[in-house]
Structure formats: structure tokens, C-alpha cells
Amino acid sequence: MSRLSISDVRKHFGAVDIIRGVDLEIDDGEFAVLVGPSGCGKSTLLRMIAGLETVTSGEIRIGDRTVNALAPKDRDIAMVFQSYALYPHMNVASNMAFSLKLKGVPRAEIDRHVGRAADVLGLRPLLARYPRELSGGQRQRVAMGRAIVRDPEVFLFDEPLSNLDAKLRVAMRAEIKLLHQRLGTTTVYVTHDQIEAMTMADKIVVMRDGTVEQIGAPLDLYDRPDNLFVASFIGSPAMNFIEGAVTVNGTARFVAKDGFSLQLPRLPDGALGRKVVCGVRPEHLQLGPGGFDAEVSVVEPTGSEMQIVVRAAEQDVTCTLRKRRDVRPGDRLALIPSPESLHLFDAETGRSLH
Amino acid sequence: MDAVLDRDHDSRMAHDASLAGHSRSEPRTNRASSTAPLPPGRITAALRAHWLTVLFIGPAIVLVVLVSIYPVFDAIALSLYATKYAEKVRFVGLQNYVELLRDPTIWKAGANSLVYTLGSLFVVIPFSLAVALLLNRPSRIQGILRTIAILPWVISQTITALLWGWLLSADFGPVTYGIDALTGVRVAILASPVWAMVALIWINVWSSYPQATLLLLAALQTIPRELYEAAHIDGAGSTASFRHITLPLIRSTLLVIVIQLTLLYFNMVTLVYVFTGGGPLSSTETLALRVLKTSFENWNLGHGAALGLIITLINLLFSLLYIRTLRSPKP
């Protein structure tokens, strides 16, 4: 177990900047998730930590060692690949034992390590099988077993669940989290799925275009997104954004372009006299007067809740209702957000206005 | 004789056909009639019903029978006769085979074939694998390198043999000249029994390695990059990666190549015939070359046919052995 520090790390492929200066501290035993849309550089950053990509500039430290120039095998890390990368010609036991075998660890000790990892992951009955004889979930588990056997300082996961079906993904998500709680090894996990990030992480790192947009605990990112990108990326269904301006008439109010206005809990700094975007999460909209009227266009019941898409301020606004209601397309509803849950952003810079 | 042979041959064909018909109709039990021999009227009816099928597959069957099946049976028959030029003189049973097996020069040719085949395989496998590994690395001039690597393959064996014959010529060969200039010794490579075989093996490898390289390159490219990355993280250097990842994953391709090349080398005539003609002192005369010489230089077609069949049997044996190895479960 070790602390992982990344300071001002950059990566160029020719003239293309992939990583443009990333600073990141991951504490000992922490579960950090790098999340962002495809092409944001999250996998490249992970591969740089693993030593599979060179670092153009900056420093990566694992524990108290700078690892920039170290080969992957000397970094004391273990990686789980998206494709699992199991050796197809070796059975499960040999796959898990490979790194120890290369190190020249005695047979008996290898067996003990493999046995322990197999017990942790429930792989005992599969040890003699070949990867082609395993299901997707089992392969995933073997890939984790291979990582555990090495007892590394840092675990690296590169989108490990994206090849699994939805149900299995949820189960494995919990399993990985449980495993982390049990082993307490520092973990860096890459995903494009914000739900995975929210459910698993101690710390989420939201990336875009090779830079970090925001770092924080899952609920911090949900409650206080720094900018429009993080606000739109975290949370499902995504936050609604309505353009408008802020006025003060006794109390501070947000006025949407087409006229309706919403009460704000306070006047944010520097919000007056500029174009703003008001963000409101679907789950923070309730039925009731004092907000705005809208016409229902789509109703999507999921059982536990209802998602309604309405037309307001000349755009679609999504609303999640916890209580069942007889709502049909074409109905008119009055919706009101709770004032505390409104987010205001500068329309030009996208920065949050607190 | 031919009439006898043809009748024999025809009846065999009919037998085969009825076998085929039988097995085909087996699953369709409702067509019980097709298992019994068809009366002539029914055959015409069947032909009329399936004339399009017959039209399409007929020519192919005729062709295969004429150029592939008939010659085999003709050769079997021929090997049982004493011959004079292309004519069968009298039936001698297995006499030709006995004479061949008693001939020490045949055993010598067999040994030459073995040395030539195994020697070539021994060199060509590591060589083609090394070239494939080099070509598999990303390079800006990859296209050019691949073209160069394939060139020997597209040159006909006759040209290859003539080209190398000239290069190694004792009188005016550049290689001979080079060795002379460096060491002061004028070597006549093709006049030495040992060196002639070495040279023959080398040009054989030179002309056939691209075939193996291409197959190996294709196999190497199917190995996912993540496997090497995983091995890299697991602590494998390039030697360990090659041993534990590359080699096991191209194993079946290697086996296929070994089968192909064994058969190719064992039956090779053109290259040997043009390059050394079997000399000096029959030191490079292989069994395959001996068939050609016996049949069409000494005009002993009976012996030639018998030897040809022996070679065919050896080929069959090789193939069966390899197929078994290929089918055996992975370790």
C-alpha cells in the first residue's frame, strides 16, 4: 500500500497533447476513479502510471519512489485490463501464478499465494480451467486474482467492467468495492461510466481533453460541481440547464430567457449583469406552484420512480418524480425546484457561481 | 491391360458413387428407394430431374477422375509390371519393389532426402520466425521490407537454382571469388559432396522461407497487444515474453508450417534437378529426384512408379503423424 502522487504530468504523441498537466494525489488505501468521456486521456494517464506509456514531462511517485524511468515490473503495481488479457494457453492457476513464477518464487509459496487469492475470489473450483472455458464474469475475476496474487502497492483497473452485461456489472462493482475494503490497497480505476465512479470511488477525478476538471468525493461532485462539464457529467439523468440572467428585486431571482423566474437562496458573487446558466437536477424538481408551467412530452415510468420530459423555456427539461402520478403527454404541470438545489454557472466560462 | 484396368477402375467408381449415394440418403429415411440399386429407367428419371446439378458438378468430377484418381491407379498398375520405355512388358508382381529395396543407392537417396528435408527445416524455422518477428515491429519502411522478404518466393525454382548456381560457380561465381579474395582458397562448392548439400539446403531455405514467414507474421499479428503488456507488468522481459506468450500462441501455426514444408521439401524436384542434378557423386540425389531419373532418364517406368508409390506412402505417413499432433489437445 502506498500513496500515489502525480505532479504536472504531460504526454504528447507527436504534436498532439494527450495529457496537459495533471496534478493528483491519491492517498494510501484510497479508491480513486478517473472518469470522463472517451478520448479525455484517462486511460493514457493510467497506462503512464503503469509504465506502459512514457511520461513526456512531470513526475509520478509511488510511495517515496519516482517511477518515471522504472519498468512496469519494478513499479510494484498490478493492472486489470478491459479485455482481461488472460493468457489463453495457461489455465487459471498458471495465469495467476505467472508473475510469481517469473520472479522465481518457490513452488510451494506460489501455490499458497494462488490458493489464498482463489479463496478471496471464489476461484477454487476453476483453477484447472482455461480462459476460453470461463464466462465473462469469471474471466474478470481471474484477472483480479492475477492482480491480487502479486500483492502490489497499487491496483490499476482499466475499464474492467465494460465487457460485462448490465446485471453482472452491478454485481462485480460491489465485488470490487468489497475486495478493496478487504485488502485496503491503493486503487486507481478508469471508467467512462459515472455511475461506476459514483458508487465505487472514495475520490473521483473528472477529466476532459487531457486536463482534470474537478477532484472530489462523489457527493461533493454531485452537490457542488465546479463547472458545467462536471455538472452535466455527474448524475443520471443529467442535470437540466436553462439559460437566463439574475435579477434582484427584494430577493435574488433567476429569470429564464422566456420569462419564468425562480427564487434563489442568495445572490451569488458576480452573477449580476451577465449571462448565466441555471442547473437543476431532475430529482430536485417537484410538482407545485411558484416555479414554472410546462407541457409534458414524454413519460417514462421505471417502477421506483417516474421520469418526465417536459417542454419549458423552449427546451426539454427532465424531471424525476418519486411518487406515482397519472401524468400523460400533453398534460400541463407546475414544477418548482427547491431553491437550495439550484446551481448557477457563468454562461461564458462555464464556472460555477457560488 | 488398359481395358482390364479401366473396368476395374469403373467398378470402383461405381462402388464409390453408390457409397456416396448411400450415405447421403441415410438421414432421409422416407426415401427408402434410393438405398436400393436404381433400375435404368429410374436413373434416366433421376438425371432428368437433376440435370442442372449434373451439369454443374459433372465436369469437375470428370476432371478429378482424369487427372487425379486415374493416374494413381494407373501408377499402382504400372508398378507391378516390367516395362520397356512407356510400354508394360509383363506382370511381375512385387518384383519392382523388391529390387528397389535391395538397391543400396535407393537407401542412399533416402538418406539424402532425410538430410535435405530435416536440414532445411532445421534452418528455415528459426530463420523465418526471426524475419517474421522483425517484420512484425512497427517500421516506416514496413511495406518495402515485407516486399523484399517475399521476393525469393515469387522467383521460380528454376531461376533460383540457376541464379545460385551462377553465384557459387567454381569458375566465375562472385561468392567463390569473394572467398578466394578473403582466404586465398579457391573452393569448388558444387564439387564437394558435403558442401553441395549445404548449398542446396541453403538455397532451398532461401526460396521457401517467405511462405513460412508470411504465415508466422499473420499468426503474430493475432496476438493481442494487451497480453504482452500484462506479461510486461507481470515481470516478463522480451525473452520471457517470447517464450511464454509468443511461442505457445504460434505453436499451431508452426506445426502447420512444418507439415507443409516437410511435404514440399521431401517432394522437391525442380530446385535439386536444376541446381545440382543430384551430383556430385549422387550426394544430393533425393528420392523424388530419383523417381524422375529412373522414369525419364533411364526409362524404367515400372521402377519409377514403384518408387513414386513408396514416396506417396511416406508422405501419407508424415501427414497422418502431423495431423495427429495437431489434433492432440493443447497442453
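Convention: sequence-line order gives letters A, B, ...; per-chain numbering from 1. These numbers were taken from a predicted model, which means no experiment stands behind them.
- Residue-level contacts of residues 50-63 of chain A with chain B, in order of numbering, are A:A50, A:L52; threshold 4.5 Å between heavy atoms.
- Neither the backbone nor the side chain of A:L100 comes within less than 4.5 Å of any heavy atom in chain B.
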Show me the donor-acceptor pairs within less than 3.5 Å that the side chains of residues 259-272 of chain B make with the rest of the protein, sequence neighbours left out.
{"unit_1": "B:Q260", "atom_1": "OE1", "unit_2": "B:Q211", "atom_2": "NE2", "d": "3.3"}
{"unit_1": "B:T262", "atom_1": "OG1", "unit_2": "B:V258", "atom_2": "O", "d": "2.4"}
{"unit_1": "B:T262", "atom_1": "OG1", "unit_2": "B:Y322", "atom_2": "OH", "d": "3.1"}
{"unit_1": "B:Y265", "atom_1": "OH", "unit_2": "B:S208", "atom_2": "OG", "d": "2.6"}
{"unit_1": "B:N267", "atom_1": "OD1", "unit_2": "B:N315", "atom_2": "ND2", "d": "2.9"}
{"unit_1": "B:N267", "atom_1": "ND2", "unit_2": "B:L263", "atom_2": "O", "d": "2.9"}

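- With hydrogens and angles disregarded, no donor-acceptor distance shorter than 3.5 Å links the side chain of A:H89 to the backbone of B:L247.
- Only the side chain of B:A240 comes within less than 4.5 Å of a heavy atom in chain A; its backbone stays farther off.
- Rounding to the nearest 0.5 Å places CG of A:L86 at 11.5 Å from CD of B:E226.
- Residue contact with chain B, scored on non-hydrogen atoms closer than 4.5 Å, involves the backbone and the side chain of A:Y87 alike.
- Other residues, nucleotides and ligands contribute at most 12 non-hydrogen atoms within 6.0 Å of the NZ atom of A:K73.
- Both the backbone and the side chain of B:L227 come within contact range of chain A, each with at least one heavy atom under 4.5 Å from a heavy atom of that chain.
- Shown here is A:F13, whose CZ atom has more than 12 heavy atoms of other residues, nucleotides or ligands within 6.0 Å.
- Residues B:E229 and A:M79 form no side-chain contact, since every pair of their non-hydrogen atoms from C-beta on lies 4.5 Å or further apart.
- Other residues, nucleotides and ligands place more than 12 heavy atoms under 6.0 Å from the CH2 atom of B:W206.
- A:R75 does not touch chain B: none of its heavy atoms, backbone or side chain, sits under 4.5 Å away.
- Between chain B and the options A:A143, A:P88, A:A71, A:A78, the largest number of non-hydrogen pairs under 4.5 Å is found for A:P88.
- In the displayed structure, B:Y273 atom OH is contacted under 6.0 Å by at most 12 heavy atoms of other residues, nucleotides or ligands.
- Residues A:P72 and B:D234 fail the side-chain proximity criterion, which asks for heavy atoms closer than 4.5 Å.
- Among all heavy-atom pairs drawn from A:R146 and B:A230, the shortest one is NH2-CB, 3.6 Å.
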